[in-house]
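Fair warning: this is a prediction, and the values are worked out from it, not measured in the lab. In what follows, chains carry the letters A, B, and so on, assigned in the order in which the sequence lines appear, proteins first and then strands, with residues in each chain numbered from 1.
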Amino acid sequence: MYTRKNLIRDAGLVIPGAIALTMLGSKFAFADDGDFESPLDVLNYALTLEYLEAEFYRQGNDAGLLTGKAAEYFATIQTDEETHVMTLQDTIASLGGAAVPAPMVDFGESFASEESYLETAYTFENLGVQAYLGAAPSLFQEKELLTAAASIFGVEARHAAIIGVLQNKPAEGGVYQGALETALARADVLEAASPFIVSAETL
Amino acid sequence: MHETNEPLGADSGRAARVRRSSQMFGGKPVLQFRTETSRRGFIAGAALVGVGATFVAFNRNDPRAFADAGGDIDILNYALTLEYLEAEFYTQGISGNVLTDERELELVSPIRDHEQAHVDGISQLITDLGGTPVESPTFMFPEGTFTDRDVFLETASMFEELGVQAYHGQVALISDVQILGTAAAIAGVESRHAAVVADLIGGAPFPAPFEANLPVEDVLAAAGQFIES
């Protein structure tokens with residue numbers, strides 16, 4: 001059965017388990033030149049993903065599926081994502097832009113069990129890592145925004161790894177995705193996220 | 001010399017890192033993470049004052065921040081030096097069987113492989129760009145580093161957090177977009193390592209909502225105590 005959850009999971013799994021080092025210095029799957037109109041467009045794209053994550057953890061943590069260390073870690077992850085939302089909103093406003101409103105979301109059966117919650121979280125975090133890396137070149141001329149986006153990207157990578165640990169996933173290909181993170185272009189990220197987004201202004 | 005690119009603009013984060021650095025300088029590296037209470041306090045403060053405003057203001061048009069780029073090859077050789085240190089550290093630890101727990105070994109062994117892959121990849125990249133990769137320094141690790149699991153993992157945690165901060169300190173200084181992409185792709189993996197090792201030692205895998213960064217001189221001062229020649 002091809003449920004919403006499976007859709008996003010499969011899309012997230014374009015991540016190769018091991019990345020050949022020949023990729024160093026070669027072309028990444030960065031954003032296409034036409035992917036973003038402006039730095040503000042990139043920030044609103046990031047904001048949309050952060051809205052999605054923040055709301056996902058709010059609902060998931062409220063569902064009380066986790067206990068112990070997992071619950072503690074997820075509380076922190078939720079706060080991190082909320083901080084990213086507020087920071088991006090503030091940054092957009094500081095630049096004279098308009099922050100997009102939060103999309104309407106539907107997480108389907110993600111909160112049916114601890115397992116499904118963790119697996120969807122794992123997918124979101126790895127998708128977030130790929131999205132930020134994919135968008136980085138579009139902020140290349142804006143060094144302060146680039147540094148800021150990178151600082152969020154690293155934290156998403158931390159989340160992704162620890163959720164993999166909580167799931168007892170294999171180290172390589174589960175907790176880690178090889179020696180290099182991989183990038184994903186905007187269209188692919190949005191396709192992966194789309195099963196959870198009912199409607200959104202910028203998508 | 002350039003200013004630390006400080007995306008957090010928060011005293012608590014800076015204080016935590018200063019504490020951490022002073023402990024590294026003390027000889028025996030013991031990583032001190034921020035407490036959860038201070039972390040929550042910082043986040044509340046950040047929401048009020050607006051971290052984003054800081055992002056925009058922290059070094060726009062500040063020539064000091066970017067004046068010493070020194071070229072991408074210099075940055076890559078700087079990264080290579082840190083990767084040599086990490087690769088050697090993990091190679092010695094794992095070959096010395098300092099880790100006996102099966103899951104710990106499974107989680108840390110790929111870190112060694114990644115660091116070695118970073119060494120090889122960055123060396124090749126420097127060569128491809130027409131530069132000369134620096135030679136590996138000779139490293140010296142304190143007594144007990146490879147015989148005591150706790151010391152090993154605490155040292156690993158310090159190296160990983162240092163590596164993350166080193167890469168993030170260079171993001172704004174890299175002049176070629178492809179090299180930026182490569183450095184970022186490595187930095188993300190270092191973040192994963194940092195989180196996993198922190199979890200293994202009961203530390204904080206997510207010490208803050210944003211990665212911190214450090215300028216070259218601070219990183220080399222911290223790493224220098226492990227460099228014999």
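Residues A/Phe56 and A/Gln78 have side chains not in contact (no heavy-atom distance under 4.5 Å, counting atoms from C-beta outward).
Remark: B/Thr182 OG1 to A/Glu181 CD distance equals 13.0 Å, nearest 0.5 Å. Atom-to-atom distance recorded for A/Tyr132:OH and A/Leu184:CG is 14.5 Å, nearest 0.5 angstrom. Atom-to-atom distance recorded for B/Glu160:CD and A/Arg158:CZ is 9.5 Å, nearest 0.5 angstrom. To the nearest 0.5 Å, atoms CG (B/Leu173) and OH (B/Tyr78) are separated by 9.5 Å. Interatomic distance, CD1 of A/Ile152 versus OG1 of A/Thr87, reported as 6.5 Å (0.5 Å rounding). With values rounded to the nearest 0.5 angstrom, B/Ile186 atom CD1 is found 5.0 Å from B/His118 atom NE2.
Taking the six-membered ring for Trp, A/Tyr57 and A/Phe124 have ring centres at least 6.0 Å apart. Ring centers of B/His168 and B/Phe210: at least 6.0 Å apart, outside the cut-off.
Note: A/Lys69 leads A/Glu81, A/Lys69, A/Gln89, A/Glu156 in heavy-atom pairs under 4.5 Å with chain B.
The interface of residues 79-92 of chain B with chain A, defined by heavy-atom distances below 4.5 Å, is empty. Inspection of non-hydrogen atoms places B/Arg103, B/Glu106, B/Leu107, B/Pro110, B/Ile111, B/His114 of residues 93-115 of chain B under 4.5 Å from chain A.
Heavy-atom distances place both the backbone and the side chain of B/Val196 under 4.5 Å from chain A. Heavy atoms closer than 4.5 Å to chain B are found in both the backbone and the side chain of A/Tyr73. Contacts of A/Val129 with chain B are made by side-chain atoms alone, with heavy-atom separations under 4.5 Å and no backbone atom involved.
Pairing each heavy atom of A/Leu146 with each of B/Val171, the nearest pair is CG-CG1, 3.6 Å.
None of B/Asp128, B/Thr127, B/Asp120 except one satisfies the side chain to side chain donor-acceptor pair (under 3.5 Å) rule with B/Gln124; the exception is B/Asp128.
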